[in-house]
Engineer: 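Attaching a single structure in C-alpha cells format; questions to follow.
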Amino acid sequence: MAIQRTFSIIKPDATKRSLTGAINAKLEAAGLRIIAQKRIHLTKAQAGVFYEVHKERPFYDELCEFMASGPIVVQVLEGEDAIAKNREVMGATNPEEAAEGTIRKEFALSIGENSVHGSDGEDTAKVEIAYFFSGLELVG
Ligand code: IDP
C-alpha cells in the first residue's frame, strides 16, 4: 500500500478537555506521522466553507457553530494507507456505534461533538490540506 497524506482535525470538544496529547498518541501508535500541526480558532464563516459539502444537511448550521466554538488543532498525517487507517482509528461518526479503542469511542461526546475529523478520500484530503497549510508547512 502506498504512503498517503490525510487531513485531520481535533475538534473543539476535545481541545476544551485537553485531549490533544491523548488523541495524538493514538494516531502515532497507529503508524500515522504528524507532519504538520497548528492550533487555530475558525470563524463560523470559515467553518462553513470547510463543511460546504454538508450545506444541505439539517445539522449544517449546528456543525459550523460548534466548529467555531473554540480552538481546533489541524493536522496533516502521513503513513501507509493513511486515509483509511485514520478513519479506522477515529471510529464511526456516532460514538455509540464506534468500535472499542477508537478515538470517538473513548472521547466523543455525541454524534456532533465527536472529537475528530478525517478526510474520506484522496481528493478531499488534497483540498482540505490546501485549505489550511502551505507546502512549506508540511515537514515529512
Ligand atoms: P464523518 O466526520 O465521520 O466523516 P460526516 O457524515 O461526514 O461524518 O459528518 C461530518 C460531521 O458532521 C460529523 O463528524 C459530525 O461532527 C457532524 N454530524 C454528522 N451527523 C450529524 C448529526 O446527525 N447531528 C449533528 N451533527 C452531525
Side-chain angles (χ1 to χ4, degrees):
M1 193 46 82
I3 299 290
Q4 286 180 328
R5 287 178 176 178
T6 191
F7 175 73
S8 161
I9 302 180
I10 301 177
K11 295 185 178 181
D13 67 285
T15 61
K16 262 178 212 151
R17 290 176 289 146
S18 298
L19 292 171
T20 301
I23 289 172
N24 281 348
K26 280 192 175 288
L27 298 173
E28 291 186 333
L32 294 163
R33 297 175 58 236
I34 301 163
I35 64 160
Q37 174 169 264
K38 60 190 172 190
R39 181 173 165 100
I40 59 174
H41 193 150
L42 293 179
T43 63
K44 191 174 171 187
Q46 289 165 336
V49 173
F50 179 72
Y51 276 118
E52 198 139 35
V53 289
H54 293 311
K55 70 171 181 292
E56 304 305 333
R57 297 175 76 176
F59 55 81
Y60 179 67
D61 192 64
E62 180 192 334
L63 175 60
C64 297
E65 195 84 51
F66 163 59
M67 291 301 288
S69 70
I72 61 172
V73 175
V74 291
Q75 309 174 306
V76 180
L77 310 177
E78 185 180 82
E80 256 186 47
D81 206 11
I83 296 168
K85 192 173 283 177
N86 184 41
R87 299 286 304 184
E88 198 182 310
V89 179
M90 289 163 59
T93 310
N94 183 348
E96 287 174 13
E97 289 161 17
E100 286 301 328
T102 61
I103 292 168
R104 284 169 167 170
K105 177 72 177 184
E106 283 191 25
F107 302 127
L109 299 175
S110 65
I111 191 170
E113 301 199 15
N114 59 4
S115 304
V116 281
H117 164 86
S119 308
D120 61 6
E122 287 193 51
D123 292 344
T124 39
K126 282 205 179 77
V127 171
E128 292 176 354
I129 290 169
Y131 188 58
F132 290 99
F133 292 97
S134 76
L136 284 175
E137 293 176 298
L138 311 180
V139 186

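No hydrogens, no waters, no symmetry mates; every other heavy atom, side chains included, goes into these values. As the structure is a computational prediction, the values presented were derived from the model and not from experiment. Numbering of ligands and ligand atoms starts at 1, following listing order.
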Engineer: Please say yes or no: joined through hydrophobic side-chain contacts below 4.5 Å, possibly via intermediate residues, are Ile129 and Ile34 part of one cluster?
Structural biologist: no
Engineer: Closest by any non-hydrogen atom to atom 2 (O) of ligand 1: pick that one out of Glu62, Arg87, His54, Arg104.
Structural biologist: Arg104
Engineer: Considering non-hydrogen atoms of the protein only, which is the closest contact for atom 26 (N) of ligand 1, and what is the distance?
Structural biologist: Gly112 CA, 3.5 Å
Engineer: For atom 13 (C) of ligand 1, grab the closest protein heavy atom and report residue, atom and distance to one decimal in Å.
Structural biologist: Asn114 ND2, 3.6 Å
Engineer: Mark up the atoms of ligand 1 that fall under 4.0 Å of a heavy atom belonging to Leu63, in ascending order.
Structural biologist: 12 (O), 16 (O), 17 (C)
Engineer: Tell me, which protein residue and heavy-atom name are nearest atom 15 (C) of ligand 1, and how many Å apart are they?
Structural biologist: Ile111 O, 3.2 Å
Engineer: Please check: side-chain N/O of Arg87 versus main-chain N/O of Gly118, any donor-acceptor pairing under 3.5 Å?
Structural biologist: yes
Engineer: Answer side chain, backbone, both or neither: which part of Met90 comes under 4.0 Å from ligand 1, heavy atoms only.
Structural biologist: neither
Engineer: For atom 1 (P) of ligand 1, what's the nearest protein heavy-atom neighbour? Residue, atom name and distance, please.
Structural biologist: Thr93 OG1, 3.6 Å
Engineer: Donor-acceptor pairs under 3.5 angstrom involving side-chain atoms of residues 58-65: please list them, not counting sequence neighbours.
Structural biologist:
| residue | atom | partner | partner atom | Å |
| --- | --- | --- | --- | --- |
| Tyr60 | OH | Gly48 | O | 2.8 |
| Asp61 | OD1 | Lys44 | NZ | 2.9 |
| Glu65 | OE1 | Lys44 | NZ | 3.0 |

Engineer: For ligand 1, note which part of Lys11 has a heavy atom under 4.0 Å away: side chain, backbone, both or neither.
Structural biologist: side chain
Engineer: When you measure from the side chain of Gln4 to the backbone N and O of Ile83, does any donor-acceptor pair fall under 3.5 Å?
Structural biologist: yes
Engineer: By number and element, which atoms of ligand 1 are closer than 4.0 Å to a non-hydrogen atom of Arg57?
Structural biologist: 6 (O)
Engineer: Side chains of residues 130-140: which donor-acceptor partners sit under 3.5 Å, not counting sequence neighbours?
Structural biologist:
| residue | atom | partner | partner atom | Å |
| --- | --- | --- | --- | --- |
| Tyr131 | OH | Gln46 | O | 3.1 |
| Ser134 | OG | Leu136 | N | 3.4 |
| Glu137 | OE1 | Lys38 | NZ | 3.3 |
| Glu137 | OE1 | Ser134 | N | 2.8 |
| Glu137 | OE2 | Lys38 | NZ | 3.2 |

Engineer: Please write down residue, atom name and distance for the protein heavy atom closest to atom 20 (N) of ligand 1.
Structural biologist: Phe59 CE2, 3.4 Å
Engineer: Looking only at atom types and distance, does a side-chain atom of Arg104 sit under 3.5 Å from a main-chain N or O of Val116, one as donor and one as acceptor?
Structural biologist: yes
Engineer: Strictly distance-based, threshold 3.5 Å: is any side-chain N or O of Arg17 a donor or acceptor partner for the main-chain N or O of Phe107?
Structural biologist: yes
